[in-house]
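These notes are about the structure you will find just below.
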Amino acid sequence: MTSRAPRVRFAPAPTGSLHVGSARSALFNWLYARAVGGTMVLRIEDTDTERNKPELIDGILRSLEWLGIDWDEGPIHQSERFDLYRDAAARLLAEGRAYLVDADDQEVVGDRLTAGLAVRYRVPDEGAIEFDDVIRGHVRFENANVEDPVIWRSNGTPTFLIANAVDDVDLGITHVIRGEDLLSSTPKVIHLRAALGHTVLPVYAHLPLLVNEKRQKLSKRRDDVALWDYRDQGYLPEAMANYLALLGWGPPDGVEVRPMDEIIERFRLEDITKSAAFFDRKKLDHVNGEWIRGLAVGDFVERCGPVLAEGPWPPGAFDATAFAEIAPLVQERVTTLDDVPGYVDWLFLDQAPIDDASWEKAMVKGPDAAGLLDDALAAFADVAWDAESLHACLLALGEARGLKLGKAQAPVRVAVTGRTVGPPLFESLALLGRERTLERVRAARARL
RNA sequence: GGCCCCAUCGUCUAGAGGCCUAGGACACCACCCUCUCAAGGUGGAGACACGGGUUCGAAUCCCGUUGGGGCUGCCA
């Protein structure tokens, strides 16, 4: 083992909240580092002082933590390292490898950084840059096709290109794992590294892009890209990370939904796919549902805390004990945490909510709603109040009218819970209690 | 337009010349289970973009075409 210990870096720019595509890049860097015992460096690319929003950095860090991604070094802020980039840019300029340009992009004579003037690195006319990308294979850019990159802005700040070239070397980065959208900037950075005296290249791995249904790169403008939004919509961090890992990579044994440590064990950079991957909400839902069902009940209850805290019931109406009892039945039915309140709201509301479509279906179009409710009212008055007895009771009421239980339970379900869909009815009634149940059945009967 | 990247079911992918009458997963359809809805079970439909090569043999290698995407900013 004479090779360098791998060092990777995730380098977000603080211009917005963490983007799912960026989160995926971070995840792949992290997976690689953890898989090979390497070092994960977090670097904040805040070279553009005009667009950079420092207040967003904390959110980005917390997003990574939420996903379960940690880092060994950093965050290193490029905004605190301008001296390094300034020295590099000044040196290239002094050596004649870069030149000054004015606001109209016209070359200006001079060999030192000058206020109000930007600096472009002069890419040679001849030759080409070639490198082997772990994912793409051999890539070659003719110098004639590479434009002279701006490395220093006229406002006295560096661009990411020079910062990249300097920092990747300075931080000893051995593997550059990032989105394919950065592929065409790679030859520029390689030129800069070489001009600064560093000819040994890091291993490059350009990840396939995440795209929308029209197969365009996921964009802040038109797509749901904020990682935070997924958290707010009730996706579990484990499910999100698990799903993200599946975009551009797949475990050799085909088992897709699994703990991250198992993914780390199987992750190999060279197994990453080349083509863009569609961010499929449907599959995310499936993965999330699997993760939710796999939670220990107590854990599930705990994670429901936030959505339950703002449920559609009066403040103080929430009953943690009652919820804990019905939680197992809810857990196996929801796909996101956000679905939970809709399954239990009737338990905490004073009266049954009324879902018009459900009412129409069970009370208007369904058979014998009035008769069934009357029968239930009478029978519920003194039936033993437990799920089993209630089940037998309603089954008998239905049979008396020639109805199967499926039909017979519908009016009661809607009367009590407001909807045709919900947790198992008899357990629900048992939990609600005789008085509240009778009250709701009476109210529904009166409303018919 | 120029440069670069990509191309297996609708989607995510397996496949690294014969194991492929192309496998799995999501979604979809049917059936089973069933107090609703889910979950679960069983089955089904569904793809190697096209054209040339190379080879005894190609989804797999090469070339071209077509299609899609990225970049083309004193953003990253």
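Below, each value reflects all heavy atoms present in this structure, side chains not excepted, and no hydrogens, waters or symmetry copies. The chains referred to below are lettered A, B, ... by the order of the sequence lines, with proteins before strands, and numbering in each begins at 1. Fair warning: this is a prediction, and the values are worked out from it, not measured in the lab.
A centroid separation of less than 6.0 Å is found between the aromatic rings of A/Phe380 and A/Trp385. Ring pair A/Phe28/A/Phe267: centre-to-centre distance below 6.0 Å. A ring-centre distance under 6.0 Å is found for A/Phe279 and A/Tyr230.
Across all strands shown, A/Leu246 has heavy atoms under 4.0 Å from sugar-phosphate atoms exclusively, and none from any base. At the heavy-atom level, A/Phe160 lies under 4.0 Å from base atoms of the strands shown. Note on A/Gly248: only backbone sugar-phosphate atoms sit closer than 4.0 angstrom, heavy atoms only; bases stay farther off. Nucleic acid contact for A/Asp102: base, since at least one base atom lies under 4.0 Å from a heavy atom of the residue. Using a 4.0 Å heavy-atom cutoff across all strands shown, A/Ala103 reaches at least one base atom of the nucleic acid. Heavy atoms of A/Thr47 sit under 4.0 angstrom from primed sugar atoms or phosphate atoms, though from no base atom.
Atom CD in A/Glu45 sits about 7 Å away from atom C1' in B/A76, given to the nearest Å. Regarding A/Glu130, its CD atom lies at a distance of 14 Å from the C1' atom of B/C4, rounded to whole Å. Rounded to whole Å, the distance from CG on A/Asn212 to C1' on B/U11 is 13 Å. Residue A/Leu100 contributes atom CG, which lies 13 Å from atom C1' of B/C74 at whole-angstrom precision. Atoms CD1 (A/Ile263) and P (B/U13) sit 14 Å apart, rounded to a whole Å. The CG-P distance, from A/Leu390 to B/U36, rounds to 16 Å in whole Å. Atoms CG (A/Asp133) and C1' (B/C6) sit 13 Å apart, rounded to a whole Å. A/Leu429 has its CG atom 15 Å from the P atom of B/U36, to the nearest Å.
Distance from the side chain of A/Leu182 is smallest to B/A76 among B/A76, B/C74, B/G68. When distances run from any side-chain atom of A/Phe278 to the nucleotides B/C35, B/A76, B/C12, the shortest one goes to B/C12. The side chain of A/Ala13 lies closest to B/A76, out of B/C35, B/A76, B/U11. Here the side chain of A/Glu256 is nearest to one of B/C12, B/G69, B/U11, namely B/C12. Nearest to the side-chain atoms of A/Arg215 among the listed nucleotides B/A76, B/C4, B/G68 stands B/G68. The nucleotide whose nearest atom lies closest to any side-chain atom of A/Lys283 is, among B/G69, B/C12, B/A27, B/C12. When the nucleotides B/G70, B/C4, B/C74 are ranked by their closest atom to the side chain of A/Leu183, B/C4 comes out on top. Across B/U11, B/C35, B/C71, the shortest atom-to-atom separation from the side chain of A/Lys217 is found for B/C71.
Checked for salt-bridge contact, A/Arg51 and A/Asp48 meet the test: a charged N lies under 4.0 Å from a carboxylate O. A/Asp87 and A/Arg91 are not joined by a salt bridge, as no carboxylate oxygen comes within less than 4.0 angstrom of a charged side-chain nitrogen. Remark: A/Asp224 engages A/Arg281 in a salt bridge, criterion side-chain N to carboxylate O under 4.0 Å. Using a 4.0 Å cut-off between a side-chain N of Lys or Arg and a carboxylate O of Asp or Glu, A/Asp148 and A/Arg122 do not qualify as a salt bridge.
Listed by residue number, the members of residues 268-277 of chain A with any heavy atom below 4.0 angstrom from RNA chain B are A/Thr273, A/Lys274, A/Ser275, A/Ala276, A/Ala277. Residues from residues 410-423 of chain A placing a heavy atom under 4.0 Å of any atom in RNA chain B, listed by number, are A/Arg413, A/Thr420, A/Val421, A/Gly422, A/Pro423.
Using P as the reference atom, B/U8 and B/A14 are 11 Å apart when rounded to the nearest Å. Atom name C1', nucleotides B/G69 and B/C56: the rounded distance is 39 Å, in whole Å. The C1' atoms of B/G24 and B/C63 are separated by 33 Å, rounded to the nearest whole Å. Nucleotides B/A58 and B/G15 place their C1' atoms 12 Å apart, quoted to the nearest Å. One P atom belongs to B/A59, the other to B/U54, and the distance between them is 16 Å to the nearest Å. Comparing B/G23 with B/G46, their C1' atoms sit 14 Å apart, to the nearest whole Å. With both ends at atom P, the span from B/C32 to B/A38 equals 16 Å, rounded to whole Å. Taking atom C1' on both nucleotides, B/G52 is separated from B/A47 by 22 Å, rounded to a whole Å.
For B/C3, its base never sits under 3.5 Å from the side chain of A/Glu147 at any donor and acceptor pair. Within 3.5 Å, a donor on the side chain of A/Arg333 pairs with an acceptor on the base of B/C37, or the reverse. Between the side chain of A/Ser154 and the base of B/C74 there is at least one donor-acceptor pair of N/O atoms closer than 3.5 Å.
For the residue pair A/Arg178 / A/His206, a side-chain donor-acceptor distance below 3.5 Å is found, with atom types taken as modelled. A donor atom on one side chain and an acceptor atom on the other are not found under 3.5 Å apart for A/Asp132 and A/Tyr204. Side chain to side chain, A/Tyr85 and A/Asp167 meet the donor-acceptor criterion of an N or O pair below 3.5 Å. For the 3.5 Å distance criterion, the side chains of A/Thr336 and A/Asp338 fail to qualify, holding no donor opposite an acceptor.
Across all strands shown, B/U11 forms a Watson-Crick or G-U wobble pair with B/A25, both key distances being under 3.5 Å. The partner of B/C3 is B/G70, by the rule that a Watson-Crick or G-U pair needs both atom distances under 3.5 Å. In this structure B/C50 sits in a base pair with B/G64, meeting the Watson-Crick or G-U test at under 3.5 Å. Across every strand in view, B/U36 sits unpaired, with no contact that passes the Watson-Crick or G-U test at under 3.5 angstrom.
A/Asp111 places no side-chain N or O within 3.5 Å of a backbone atom of A/Leu93 that could act as its donor or acceptor partner.
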task: Under the salt bridge (Lys or Arg N to Asp or Glu O under 4.0 Å) rule, what do A/Glu270 and A/Arg268 come out as? Steps first, then yes or no, please.
output: CA-CA 5 Å; A/Glu270 54 272 35; A/Arg268 300 198 320 160; 3.8 Å; yes

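Taking the nucleotide of RNA chain B with the nearest heavy atom to each of A/Arg51 and A/Pro251, the more 5' of the two is matched to A/Pro251. Closest-nucleotide positions on RNA chain B for A/Arg136 and A/Glu427 were compared, and the one nearer the 5' end corresponds to A/Arg136.
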